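Below is one structure, written out as structure tokens; comments come after it.
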Amino acid sequence: MDLLALADFTLVARHGGFGRASRESGRPKATLSRRVADLESGLNLRLFERGARALKLTEEGRALFEKTSVLLAEIDETTAAIASGGQEPRGKLKVSAPLLFSQAAMGKLAAQFAMKHREVRLEVTTEDRPVDMVEEGYDLVIRVNPNPDASLVGRIFLRDRIVMVANPELHRPAGGAPVPVVVRGGGGGDQTAVWEMTDKGAKKRLTVQPVLRLASLFMVRDAVRANVGAACLPLSLVAHDLAAGTLVHWGDVAGEVALWALYPSRRLLNARVSAFLDFLKEAFPEGTPDELAAYIR
């Protein structure tokens, strides 16, 4: 396959037309049109639907663009790095991070990374939903306890655990009466439920009744501080309160919270992603809740 023709096809697809691609790149429009036509002929596929005023990718053209645009960009970056005598990271780095981690630490982390790697244009979006990294153009995603995905690889860079906490003035009701609790998320009503935890090595079961539902774990923590009810929260989020005595520890909830940095398994690990992974390791060398708590105020 002619890589120059493939690069011109990618250029036209990215800019949505021959005219715009020509203006942005300085390449003659006729040359771009001829190379794309040669590529279509060589593949025996129509890559664009050519209307009177619009140029649209066909289904085959879109599939080719999604698979090759990233690889061509990485080839350009590698050759540029070799020509400059090193692998200094540069270019755009698009990262998706979950809401709580973003609120707790991502602003400071992003600023520190940007100052350390000034040639990288870091873009961070905040969302808890699954994302299609190739379709949506992400270089790296951070997720909590992600489901197994053969198309992704990565590493755990931080571990946390869930604890049940309460205001010191909130006493556990006697006689098995339900404990008022604050929970994250909507729905579920105010029905009683049973929470299981471990307190000083002993397993315990508490009957609880939601009295407040909030959208953010930071909001849940603030409500617990105000003595509305108890809650289950990440240790990193309440470590300062436990140390100061403004909240007390009622028990540990089973299970571990692991934060993963993930990237596509078929994609070459470019200098930007490598630099960001190394940066996360430097920021959280032991990967403990206390290290994350240091970012939270």
Side-chain angles (χ1 to χ4, degrees), residues 97-109 126-129 142-146 156-173 177-261 280 283-284 286-297:
L99 177 62
L100 179 61
F101 182 72
S102 296
Q103 291 175 327
M106 204 62 201
K108 295 178 183 177
L109 289 171
T126 297
E127 51 209 344
D128 290 323
R129 66 177 179 85
I142 296 172
R143 286 296 180 266
V144 177
N145 296 344
I156 297 174
F157 67 92
L158 193 61
R159 298 179 188 273
D160 209 341
R161 58 190 176 92
I162 303 299
V163 294
M164 188 172 184
V165 295
N167 186 291
E169 296 181 3
L170 180 66
H171 300 291
R172 306 186 194 192
V179 177
V181 293
V182 184
V183 296
R184 181 189 177 190
D190 58 355
Q191 298 93 339
T192 58
V194 175
W195 287 1
E196 296 183 353
M197 68 198 69
T198 302
D199 182 16
K200 299 177 181 178
K203 292 185 177 181
K204 296 187 176 181
R205 293 164 58 91
L206 284 180
T207 302
V208 301
Q209 184 169 26
V211 294
L212 187 59
R213 295 182 179 273
L214 299 170
S216 160
L217 290 179
F218 276 92
M219 296 166 63
V220 172
R221 181 196 63 181
D222 292 344
V224 175
R225 285 173 173 173
N227 200 21
V228 174
C232 290
L233 290 165
L235 176 60
S236 60
L237 190 58
V238 295
H240 296 303
D241 291 277
L242 293 175
T246 51
L247 292 178
V248 292
H249 177 249
W250 278 17
D252 294 338
V253 178
E256 181 184 62
V257 177
L259 272 76
W260 287 73
L280 289 176
F284 307 105
E286 302 298 327
T288 63
D290 286 341
E291 291 176 342
L292 178 56
Y295 284 84
I296 301 173
R297 292 292 181 265

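Side chains are part of it too, since the values below use all heavy atoms of this structure and drop only hydrogens, waters and symmetry mates. Source: prediction; values computed, not measured. Starting from 1, each residue takes its place in the sequence as its number.
- No more than 12 heavy atoms of other residues, nucleotides or ligands sit less than 6.0 Å from atom CD of E169.
- In this structure, H240 contributes its side chain and I296 its backbone to a donor-acceptor pair below 3.5 Å.
- Here the side chains of V165 and D241 are not in contact, with every heavy-atom distance at 4.5 Å or above.
- Separation of atoms CG (N145) and CD (E256) is listed at 7.5 Å; rounding is to 0.5 Å.
- Rounding to the nearest 0.5 Å places CD1 of I142 at 5.0 Å from CZ of F101.
- Rounding to the nearest 0.5 Å places CD1 of I162 at 7.5 Å from CG of L233.
- Closest non-hydrogen pair, S216 versus Q103, comes out as OG-OE1, 3.6 Å.
- Of all the heavy atoms in G245 and P168, the pair that sits closest is O-CG, 3.3 Å.
- To the nearest 0.5 Å, the span separating CG on L259 from CG on L292 amounts to 7.5 Å.
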- Message: Applying side-chain contact (heavy atoms from CB on, under 4.5 Å) to L235 and L242, what does each step give before you reach the verdict?
- Response: CA-CA 9 Å; L235 176 60; L242 293 175; 3.8 Å; yes

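- The two atoms that bring N167 and R225 nearest to each other are ND2-O, 2.8 Å, heavy atoms only.
- A donor atom on one side chain and an acceptor atom on the other are not found under 3.5 Å apart for T198 and D252.
- Rounding to the nearest 0.5 angstrom, the gap separating the CG atom in N227 from the OG1 atom in T246 is 12.0 Å.
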Show me the donor-acceptor pairs within less than 3.5 Å that the side chains of residues 201-210 make with the rest of the protein, sequence neighbours left out.
{"unit_1": "K204", "atom_1": "NZ", "unit_2": "D199", "atom_2": "OD2", "d": "3.2"}
{"unit_1": "R205", "atom_1": "NH1", "unit_2": "E196", "atom_2": "OE2", "d": "2.5"}
{"unit_1": "Q209", "atom_1": "NE2", "unit_2": "D190", "atom_2": "O", "d": "3.2"}

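- In this structure, CZ on R159 lies 11.5 Å from OG1 on T288, to the nearest 0.5 angstrom.
- In terms of heavy atoms, A166 sits closest to A230 at CB-CB, 3.9 Å.
- Contact detail for V238 and L247: the closest heavy-atom pair is CG1-CD1, 3.9 Å.
- With hydrogens and angles disregarded, no donor-acceptor distance shorter than 3.5 Å links the side chain of E286 to the backbone of E291.
- Taking each heavy atom of P180 and V211 in turn, the nearest pair found is CB-CG1, 3.8 Å.
- Side-chain N or O atoms of D128 include none that pairs as donor or acceptor with a backbone N or O of P98 at under 3.5 Å.
- Contact check for P234 versus V257: no side-chain heavy atoms found under the 4.5 Å cut-off.
- V179 has its side chain out of reach of W195: every pair of non-hydrogen atoms, C-beta onward, lies at least 4.5 Å apart.
- A distance-only check finds a donor-acceptor pair linking the side chain of R143 to the backbone of R129 [under 3.5 Å].
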